Q: 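Here you go, one structure.
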4 protein chains.
Amino acid sequence: MSTVATRRPAGTTHRRAPEIIEAAARVFAERGYHGASTQAIADVLGIRQASLYYYFGSKEEALTLVCMRGVEEFVEHAAAIGAGPGTAAEKVRALVHSHLRPLVDRRDFVLVFLRERHLLPDDSRRRVGRLSRRLERIFQDVLEAGVRSGELRPGLDCRLVTLALLGMCNAAPAWYGKEPGASIERIAAEFARLAIDGLAAGRSRSKGGR
Amino acid sequence: MSTVATRRPAGTTHRRAPEIIEAAARVFAERGYHGASTQAIADVLGIRQASLYYYFGSKEEALTLVCMRGVEEFVEHAAAIGAGPGTAAEKVRALVHSHLRPLVDRRDFVLVFLRERHLLPDDSRRRVGRLSRRLERIFQDVLEAGVRSGELRPGLDCRLVTLALLGMCNAAPAWYGKEPGASIERIAAEFARLAIDGLAAGRSRSKGGR
Amino acid sequence: MSTVATRRPAGTTHRRAPEIIEAAARVFAERGYHGASTQAIADVLGIRQASLYYYFGSKEEALTLVCMRGVEEFVEHAAAIGAGPGTAAEKVRALVHSHLRPLVDRRDFVLVFLRERHLLPDDSRRRVGRLSRRLERIFQDVLEAGVRSGELRPGLDCRLVTLALLGMCNAAPAWYGKEPGASIERIAAEFARLAIDGLAAGRSRSKGGR
Amino acid sequence: MSTVATRRPAGTTHRRAPEIIEAAARVFAERGYHGASTQAIADVLGIRQASLYYYFGSKEEALTLVCMRGVEEFVEHAAAIGAGPGTAAEKVRALVHSHLRPLVDRRDFVLVFLRERHLLPDDSRRRVGRLSRRLERIFQDVLEAGVRSGELRPGLDCRLVTLALLGMCNAAPAWYGKEPGASIERIAAEFARLAIDGLAAGRSRSKGGR
DNA sequence: CATGAATGAGCATTCATTCAT
DNA sequence: GATGAATGAATGCTCATTCAT
């Protein structure tokens, strides 16, 4: 955001900085934060381990940076969808699409965010925690509005369904790229369809819970 | 009780063994395998760290033991459901129920299995890998049979839906116990309903993916 | 020495004691004192590690016991030879024979004594040190007498030759049993011959070292 | 000085590396490999124990390095002597000299090689094993040639004599430096004399073994 | 006699981090 | 910018030893 080349502005802005943080994301994604040594990150970059500390002040800071890029935009996009026009169905479809899209070019960042965010230092953990909750809130609001409008099945437990949808989507990074023929588009379409049909206020369907 | 002069019977059979392995599960679940020190496990038990090694030969063995208990019965129950009688809808509901139930009394084991199984030593990793694949296969078979019988929507991508359902269910351990009022029964009912309605061959539903 | 079955006489006298000390000798010989775990000794015996402590009070005591049996008789036999009748040549031959003979049935004890005696606790180390020095003295006395009597080459450095002969003989335990066709008799004969001929006061021999 | 951005050039090339490996040799020689703690090595150097690992990757690697320096040149020198001109007697004398010389400035390395080489990791153990066997071969070849040429006593068991000579020489490191007045030159001369006279084809000597 | 259970001390090794250059 | 050298603090693990049974 800051355009002026300051002297080490908080958050690290060096020439190779993006490269470095990407390497960290990769290694954290592969081995987990605690399983990843700074040496392994340096190896990926072909530099010496000590040199990493020119780019970040601590391993924890690297994790913070990675996690940050793993959530950013998520919420903004979702918020725009939530606030925009459209039926609940259309919004759910859009939310699912939007939630899966970062997988294409940010899989490692997302994976690290999903799995390792609880290791963040207190302040950044709380920050991403708030983001997470805002995201959940957006999903839930869309669902609740859908129920109120009668578009979605009455009696829907919107909280649980939110968690179901997010769980469904958040599992994708773990296998995306290993399932042949599963493009983001296909996945999003299939997931959205499942969700929308599963939530729609319908007629006779499933003889009724238990 | 022991029939012969033993030599530490394979699989560790000590009086306090279950207690020890439970403590390991707890700590692994809380901090992750690499973030968990054997000292922390010992602290939970109120014994000295070295004493742990009377019960397992290595931290890795402890992980194996925990993961083992995290998967066992999963597949057997699912297989029984898959092979049993009932419509696809009934089976999906049963599978979801069965998949969530272990959360009640085995949450830590399941969490550890889900998150840390890739750290297992090669042989046990392959073993639990096979179990995972069998479980997925069972879900997928039920879905495919449902499609063939016309009960489920034609054109369903059964592989992706399997991953969706498992992702949905597998996310639950992460928040189960923190969501007030979300009993296993409620969660399972809601998830199953979502799945079944979302998959059913229906009438006019969602004007059709993109 | 003590015939009466006392209550744990110093030096340990139990039914299986010889068996236990033999196992210790074997393991110490194979892996060295520090490389040998009490567990390994117990394994050889098929008993539990803790049970060993019924037979000896500490690992160091076991080493002492082994080393003791590794030297005992050595000196007595040598002393008898040194004090007995015969030419220097005959005595050297007898000493070499006598020094190699224990290899047949006590190889492990001798090996351990040779290699690990410096690890003994102070008092027993000094005791076996004294024995060693007495043994060397006996060799050296025989040589010196031989030189004085004119039987052995004048100018012989008896100290160095003693060390040479002992070095030669003491190396044998390391390879005895692995050299096909090398019986104790053959080895002793060949070594003795080499020594005697090499030491004899002769005629024209080697144009004379420096 | 370093030509390229390196990545720890194979074989460890650090400024203080020779110093470090020498300290390891000293401690291994004094206490044996298993009895030597890395702490003790660090103490000798006045650095922290962890710092050692900047210079070698493992205690085993340190042992390998020490043993390597303990054998290197031995074989080359011996081979040159074996292949060079001279009578068997001259060659034996030269071999003994050459075998004892490293004691002067490499006693610890040689001692460690002699006593601890069996603890080397498989591959380096086999490598030094091959070197040992080549050395023995050289001694033995010289002896056999001497027997064939009639210079050495017929019927000589060249294998056993090789082992005798090596045993004799290899014992020296254990007491060299503690025997007052025993310079390498004196020792070598005395040992060579003993060997040469003991092996020469002579007249009436020793009335004949058994 | 023998063992199961436990422990204290020590050990090799890893790793994030620092800092002078 | 980058690195070589070094370190403090842990960490997993081994092992001799003890002791109640």
Side-chain angles (χ1 to χ4, degrees), chain A residues 8 14-17 20 34-42 45-62, chain B residues 2 5-8 13-17 20 34-42 45-62, chain C residues 14-16 20 34-42 45-62, chain D residues 2 5-8 13-17 20 34-42 45-62:
Chain A
R8 268 253 227 160
H14 297 295
R15 194 159 35 81
R16 303 183 59 188
I20 267 77
H34 277 129
S37 66
T38 55
Q39 179 61 62
I41 302 176
L45 292 162
I47 64 175
R48 289 305 193 296
Q49 183 210 19
S51 312
L52 286 176
Y53 285 78
Y54 188 75
Y55 294 98
F56 48 71
S58 73
K59 198 185 167 192
E60 246 180 10
E61 190 191 318
Chain B
S2 73
T6 64
R7 166 171 285 284
R8 185 81 74 84
T13 312
H14 294 300
R15 199 159 27 85
R16 302 183 60 188
I20 268 78
H34 279 129
S37 67
T38 54
Q39 180 60 64
I41 302 176
L45 291 161
I47 62 175
R48 305 295 146 137
Q49 183 228 22
S51 309
L52 285 177
Y53 285 79
Y54 185 71
Y55 293 96
F56 48 72
S58 71
K59 199 185 167 192
E60 243 180 13
E61 190 190 318
Chain C
H14 296 297
R15 192 162 34 84
R16 301 183 60 188
I20 268 78
H34 278 129
S37 65
T38 54
Q39 179 62 62
I41 302 176
L45 291 162
I47 64 175
R48 290 306 193 294
Q49 183 211 19
S51 313
L52 286 176
Y53 285 78
Y54 188 74
Y55 294 97
F56 48 71
S58 73
K59 199 186 167 192
E60 246 180 9
E61 190 190 319
Chain D
S2 74
T6 64
R7 168 171 283 283
R8 188 77 75 83
T13 313
H14 295 301
R15 197 158 30 83
R16 302 183 61 188
I20 268 77
H34 279 130
S37 68
T38 54
Q39 180 61 62
I41 302 176
L45 291 162
I47 63 176
R48 305 296 145 137
Q49 183 224 23
S51 310
L52 285 177
Y53 285 78
Y54 184 71
Y55 293 96
F56 50 72
S58 71
K59 200 186 167 192
E60 244 182 11
E61 190 191 318

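The model shown is predicted, which means the values in this text are computed figures rather than measured ones. Numbers restart at 1 for each chain; the letters A, B, ... are given by sequence-line order, proteins then strands.
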Q: Who pairs with D:Ala40 by side chain to side chain contact (heavy atoms under 4.5 Å, CB included), at least two apart in sequence or on another chain?
A: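 Side chain to side chain contact (heavy atoms under 4.5 Å, CB included) list for D:Ala40, sorted by chain: D:Val27, D:Arg31, D:Ser37.
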Q: Dot-bracket for DNA chain E, please. Rules: Watson-Crick or G-U, both distances under 3.5 Å, ( ) within the strand, [ ] when a pair crosses earlier ones, | for another strand, . otherwise.
A: .||||||||||||||||||||
Q: What string of B, S and - do you get for nucleotides 16-21 of chain F, 5' to 3', when a contact is any protein heavy atom under 4.0 Å?
A: BBB---
Q: Give the rounded distance in Å between these two atoms: CZ of D:Arg15 and C1' of F:dT3.
A: 13 Å
Q: Distance check needed: E:dG8 P versus B:Leu52 CG, whole Å only.
A: 13 Å
Q: For D:Arg48, enumerate each residue passing the side chain to side chain contact (heavy atoms under 4.5 Å, CB included) test, keeping only those at least two apart in sequence or located in another chain.
A: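 D:Arg48 satisfies side chain to side chain contact (heavy atoms under 4.5 Å, CB included) with D:Ser51 only.
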Q: Using a cut-off of strictly less than 4.0 Å, decide whether D:His14 has a side-chain nitrogen or oxygen near OP1 or OP2 of F:dA5.
A: yes
Q: Can you list everything that forms a side chain to side chain donor-acceptor pair (under 3.5 Å) with D:Glu60? Sequence neighbours excluded, please.
A: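 D:Glu60 satisfies side chain to side chain donor-acceptor pair (under 3.5 Å) with no residue once adjacent residues are dropped.
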Q: Less than 4.5 Å apart, any side-chain heavy atom of B:Ile41 and any of B:Ile20?
A: no
Q: I want to check one thing: is the phosphate of E:dA5, taken as OP1 and OP2, less than 4.0 Å away from some side-chain N or O of B:Arg48?
A: no
Q: Quick check on F:dA2: is either OP1 or OP2 less than 4.0 Å from any side-chain nitrogen or oxygen of A:Tyr54?
A: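 For F:dA2, OP1/OP2 do not have a side-chain N/O of A:Tyr54 under 4.0 Å.
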Q: Take atom CZ of B:Arg16 and atom C1' of E:dA5, then tell me their distance rounded to the nearest Å.
A: 9 Å
